[in-house]
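So that the names make sense, note that chain A is the first sequence line, chain B the second, and so on, each numbered from 1.
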Amino acid sequence: MEEKSTNFIEDIVETDLKAGKHTIIATRFPPEPNGYLHIGHAKSICLNFGLALKYGGKTNLRFDDTNPVTEETEYVENIKNDVRWLGFEWAEELYASDYFSQLYEFAMKLINKGLAYVDDSTSEEMAAQKGTPTVPGTNNPYRSRSIEENRKLFIEMKEGKYPDGSKVLRAKIDMGHVNMLLRDPVIYRIKHAHHHRTGDTWCVYPMYDFAHGQSDSIEKITHSICTLEFVPHRELYDWFIEKLEIFPSKQYEFARLNMSYTLMSKRKLLQLVNEKYVSGWDDPRMPTLSGARRRGYTAKAFRDFCDKIGVAKRDNLIDLSLLEFCVREHLNKIAERRMVVFDPLKIVITNYPEGKTEMLPSENNTEAENAGVREVPFGCELFIERDDFMENPPKKYFRLSPGGMVRLKSAFIIKCEEAIKDANGNIVELRCTYIPESRSGHDTSGVHVKGVIHWVSAAHAVNIEVRQYERLFNTEDMNAIEDDFKNHLNPHSLAVLNNVYAEPALINAKFGEHFQFLRMGYFCLDPDSSDTKLIFNRTVTLRDSK
RNA sequence: UGCCCGAUAGCUCAAUUGGCAGAGCGCCUGACUCUGGAUCAGGAGGUUCCAGGUUCGAGCCCUGGUCGGGCAACCA
C-alpha cells in the first residue's frame, strides 16, 4: 500500500495524541433520522469511523432526534443498515433523546446561573430584535426576568401549560455580539408533538445548539467533526460547555461533499420521493446509499472514493466521473462476464449444422485469478448487436460488414455473406459462414481479425429487462441554480429495454452479485425481478472514449 | 461596510509537525490473434491569486491586497 498523506483533521488528532491531550479518541456520526443517508454522509462516515480505526478509539452512532415533527423510526433502521453496509460498526447506538432529562437539567442550571430566560416574544419580534451582521440587536423586557420567574415559567412550559410558539427559553449571552448566533439563541421550544422514541413524555424540545455539543460532552467525544456550515456555531458550542462546566469536546469542521449533477439536500430528495419523480429513496438514480446499492455500486467503491476526494475546508464540486471511476475499478476486478445482446440482429450460420448445439468455454473474468470458466451454448442461429454490423462501414470499422469477418467472443470467426432486408429496406437478418478451424483456444485457421463481438444463441437466449440509468439532473452545479430544482431533472434518466437477450447462465444470477455484460457495462439484478422476468440495472457503462 | 472560510494542471479536487507539487476527467502516444468505442502501459500539461516578510528552505507561517463563498429558522 502506498502511503496516503494525512488530512488536516488527522493532523489535529495526531497533535492531540502526541501532546497527551487524549490517550484514545472518540468520534461520532450524528445523523438526523429525517431521511436516508446519501453520498455526502458516506464522506462523513468514512471520516469519523476511519479516524477511530486509524488512531485507536471508538465511534458512536448517535441519532440527532431533537425535532419530533420530522423524524421517524423508519429512517433510523435504514440509516443503521447503510452504515453497516458501508463496512463500519459503531461502539454504541445512542439518541440525543436519551439525554432529554439531562438536557432539561442543563437548561435549569443555566437559568439558575442567570444565563437563560423565558421569552414571550413572537418569532417575528425576535427576528426584529436580533439586528443584522453589522447592526447590534436590542434587549427586550423579558430578558430581565428574575431567576425565580424563569424557573417557574420553564417548569410550566415543560408541564404543557403553554401552547406551541408562545414561549421559548433563550440563553442570555449578548444581543450585540458580532456572532449573530450568540445574540441570545433559542435553546428550548414548545412542541406538543409525538416523538418517535419518547412518545408524549415531553412537550419542550432542545434546539440543535443545546443538544449536540452537550451530547458530545456526555459521551466524552474528543473530536466532534461536522461540516463547514457549523463553523459559526463553534463559539456557541464552546460557550455552553464552559458555562455548564462539562467535558470539553471540541468541534472541527470540514467541507461537505458536493457532486456534479447531483443533489444532496434531504429536503429536496424527500420531495422527489413524495411527488413520485423517482420510485423511492432507493431508486437507483438517487444519490442515496440505498439507491446506489440497488444500482450496483459497492461499499468498497465508496470507501475508495472518499479516500480519493480527501478532507479539506475548501468548497468543492466533485466530478461524478470520479465516483464512476472507483466503481469501475472495483467491478472490473470482481464482476463475472456475461454476454447479453441489447438490440438483437439475427444471424444464421449457413454452414453450421442445423439443430446442433455445442458448449463453448468462456472465461468468467480474466482480471480475477480463480474466476473460472462457464459453458456457453452455440448454434446456427445467433443474435448479435445491431450496432455491430454496418452495411457501409467507415475505414476503421473492425466489426461486421458485407464480406467482412469478425470473431465471435469465445467462439468462431464468421464472415458475413449476405444481408437480408425487408420491404422497407431494413436489415432483418444476416447470412454468415463460420470457419470451423477458428474455434477459440484451438484456432488453426491462420485467419486474423481485429474485431471481437459478443453474441447469444437464439435457441438458448433468455429474454430479460434492462434498466439503463443516466444522471438524474442535467445541471452540473445544482447548488448554483436559482429556479425550481425540478426544472433540471433529466427526462432521460431512465430507459427501459425489453428486447434484450442474455446467455442462459444469467438465469442463476443472485441479488448482490455484479456482472459485466461484455462491452455494455456493469449490471446487477434488481429486486423488482420475478421468477418469470429477470430485471437488471445498469450500474455504470464501461469507460467510453467515444 | 462587521465576523468566518477559501484561492494549487484545461476542468474537478488532493498534498503527512515548512523539505523534489499528486489523482480523476479531458488530450496525446504505445501494447494487445479473443471486451478494439474495451483493457493495459506511458507522455505532455503548474510563476501553487498578487505584493512584501520570516527561514538554509514556504502551496503550507506572518503582513497587506484582489477575487470568490458563508453568516440574522421556535431546522439540523
Side-chain angles (χ1 to χ4, degrees), chain A residues 3-8 10-11 14-15 18 30-32 34 64-67 69-71 119 122-123 126-128 130-137 164-170 177-181 183 186-191 205 207-209 211-212 226 228-235 253 255 259-260 266-267 305 307-326 332 337 339 362-363 366-367 387 396 398-399 407-411 413 438 440-441 443 445-454 476 516-520 541-546:
Chain A
E3 284 295 313
K4 177 87 166 72
S5 50
T6 58
N7 62 54
F8 81 98
E10 291 173 327
D11 294 346
E14 288 185 9
T15 302
K18 206 166 291 180
E32 183 189 8
N34 67 344
D64 235 332
D65 56 351
T66 56
N67 186 355
V69 180
T70 57
E71 296 154 2
D119 193 331
T122 64
S123 53
M126 282 178 51
K130 203 137 202 171
T132 70
T134 50
V135 177
D164 290 8
S166 60
K167 286 178 166 45
V168 293
L169 183 69
R170 289 228 252 172
H177 204 285
V178 289
N179 184 341
M180 299 280 296
L181 287 166
R183 314 240 275 217
V186 172
I187 59 177
Y188 259 94
R189 77 285 215 190
I190 301 170
K191 275 181 193 283
Y205 291 92
M207 298 289 289
Y208 166 85
D209 284 313
H212 198 95
C226 59
L228 246 31
E229 71 230 69
F230 292 100
V231 169
H233 293 250
R234 186 174 63 229
E235 203 173 359
E253 312 86 9
M259 282 223 301
S260 55
K266 276 194 280 185
R267 204 193 88 245
F305 173 71
D307 212 47
K308 280 184 176 23
I309 59 176
V311 178
K313 303 183 79 158
R314 165 178 161 174
D315 289 329
N316 58 75
L317 185 66
I318 306 289
D319 267 336
L320 192 55
S321 56
L322 181 58
L323 212 209
E324 293 183 337
F325 169 84
C326 294
N332 183 40
R337 271 82 229 227
M339 291 197 283
S362 188
E363 60 278 359
T366 52
E367 301 284 325
D387 274 356
K396 283 185 143 181
F398 298 127
R399 289 166 283 164
R407 157 79 64 184
L408 294 178
K409 170 70 180 173
S410 298
I413 292 173
S438 67
S440 289
D443 188 349
S445 69
V447 177
H448 296 294
V449 293
K450 282 216 164 186
V452 180
I453 64 173
H454 60 276
E476 185 168 19
Q516 184 197 104
F517 294 174
L518 284 189
R519 305 202 298 141
M520 303 308 282
T541 59
L542 260 25
R543 185 167 161 275
D544 190 355
S545 51
K546 174 162 44 177

Nearest-Å distance for atom pair [atom1]/[atom2], residues [X] and [N]:
{"X": "A:E324", "N": "B:G24", "atom1": "CD", "atom2": "P", "value": "15 Å"}
{"X": "A:F325", "N": "B:U12", "atom1": "CZ", "atom2": "C1'", "value": "15 Å"}
{"X": "A:H233", "N": "B:A73", "atom1": "NE2", "atom2": "P", "value": "10 Å"}
{"X": "A:R407", "N": "B:C32", "atom1": "CZ", "atom2": "P", "value": "17 Å"}
{"X": "A:F8", "N": "B:C5", "atom1": "CZ", "atom2": "P", "value": "12 Å"}
{"X": "A:D319", "N": "B:C25", "atom1": "CG", "atom2": "P", "value": "10 Å"}
{"X": "A:E363", "N": "B:C34", "atom1": "CD", "atom2": "C1'", "value": "7 Å"}
{"X": "A:N7", "N": "B:U17", "atom1": "CG", "atom2": "C1'", "value": "15 Å"}

As a test of reading the structure: which of [options] is closest to the side chain of [X], going by heavy atoms?
{"X": "A:D64", "options": "B:A72, B:A76, B:G6", "result": "B:A76"}
{"X": "A:S321", "options": "B:A76, B:C74, B:G24", "result": "B:G24"}
{"X": "A:D315", "options": "B:G69, B:U16, B:G36", "result": "B:G69"}
{"X": "A:N332", "options": "B:A76, B:G6, B:U35", "result": "B:U35"}
{"X": "A:E32", "options": "B:A38, B:C34, B:A76", "result": "B:A76"}
{"X": "A:H448", "options": "B:A76, B:U33, B:U35", "result": "B:U33"}
{"X": "A:I318", "options": "B:U16, B:C34, B:C13", "result": "B:C13"}
{"X": "A:D11", "options": "B:U35, B:C74, B:U16", "result": "B:U16"}
{"X": "A:R337", "options": "B:C74, B:U35, B:G2", "result": "B:U35"}

In dot-bracket notation, what is the pairing pattern of RNA chain B, taking Watson-Crick (N1-N3 plus N6-O4 or O6-N4) and G-U wobble (N1-O2 and O6-N3) contacts under 3.5 Å, with [ ] crossing and | for other strands? .((((((..((((.....[..)))).(((((.......))))).....(((((..]....))))))))))).....
Report yes if a side-chain nitrogen or oxygen of [X] is closer than 4.0 Å to either non-bridging phosphate oxygen (OP1 or OP2) of [N]; otherwise report no.
{"X": "A:T366", "N": "B:U39", "result": "no"}
{"X": "A:R314", "N": "B:C5", "result": "no"}
{"X": "A:R189", "N": "B:A76", "result": "yes"}
{"X": "A:K191", "N": "B:C75", "result": "yes"}

What nucleic acid atoms does [X] come within less than 4.0 Å of, heavy atoms only: base, sugar-phosphate, or nothing?
{"X": "A:F230", "result": "base"}
{"X": "A:L542", "result": "base"}
{"X": "A:M520", "result": "nothing"}
{"X": "A:R399", "result": "base"}
{"X": "A:A411", "result": "nothing"}
{"X": "A:G131", "result": "base"}
{"X": "A:V168", "result": "base"}
{"X": "A:E253", "result": "nothing"}
{"X": "A:V311", "result": "sugar-phosphate"}

Ion pair check, A:R337 and A:E363, cut-off under 4.0 Å: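 Salt bridge absent between A:R337 and A:E363.
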Is the shortest side-chain N to carboxylate O distance from A:K191 to A:D164 below 4.0 Å?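 So A:K191 does not pair with A:D164 through a salt bridge.
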What about A:Q516: does its side chain form a donor-acceptor pair under 3.5 Å with the base of B:U35?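 Indeed, a donor on one side and an acceptor on the other fall under 3.5 Å apart.
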May I ask you to verify whether the side chain of A:S123 and the base of B:C74 hold a donor-acceptor pair under 3.5 Å?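 Per atom types, no contact qualifies.
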Measure from the side-chain N and O atoms of [X] to the backbone N and O of [Y], and report whether any donor-acceptor pair falls under 3.5 Å.
{"X": "A:R183", "Y": "A:H177", "answer": "yes"}
{"X": "A:N7", "Y": "A:E10", "answer": "yes"}
{"X": "A:R407", "Y": "A:S438", "answer": "yes"}
{"X": "A:T66", "Y": "A:M207", "answer": "no"}
{"X": "A:N179", "Y": "A:L181", "answer": "yes"}

Report the residue (A:K450 or A:L322) whose heavy-atom-nearest nucleotide on RNA chain B is the more 5′ of the two.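 Counting from the 5' end, the first nearest nucleotide belongs to A:L322.
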Identify, between A:A127 and A:T66, the residue whose nearest nucleotide on RNA chain B lies closer to the 5' end.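 The residue mapped nearer the 5' terminus is A:A127.
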Closest heavy-atom pair and its distance - A:S445, A:I413: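 Closest approach of A:S445 to A:I413: OG-CD1, 4.4 Å.
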Do you know the tightest heavy-atom contact between A:F325 and A:K308?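 Taking A:F325 first and A:K308 second, the nearest heavy atoms are CE2-CE, 3.6 Å.
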[atom1]-based separation of [M] from [N] [nearest Å]:
{"N": "B:A14", "M": "B:C50", "atom1": "C1'", "value": "24 Å"}
{"N": "B:A15", "M": "B:A21", "atom1": "P", "value": "16 Å"}
{"N": "B:U63", "M": "B:A58", "atom1": "C1'", "value": "15 Å"}
{"N": "B:C60", "M": "B:A7", "atom1": "C1'", "value": "14 Å"}
{"N": "B:G43", "M": "B:G24", "atom1": "P", "value": "12 Å"}

Does NZ or CZ of A:K450 fall inside the cone over A:F398's six-membered ring, less than 6.0 Å from its centre and within 45° of the axis?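 Ring-cation test returns yes.
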Report the C-alpha distance between A:T70 and A:E32 in whole Å, list the side-chain angles of each, state the deciding distance to 0.1 Å, and finish with yes or no for side-chain contact (heavy atoms from CB on, under 4.5 Å). CA-CA 9 Å; A:T70 57; A:E32 183 189 8; 3.4 Å; yes
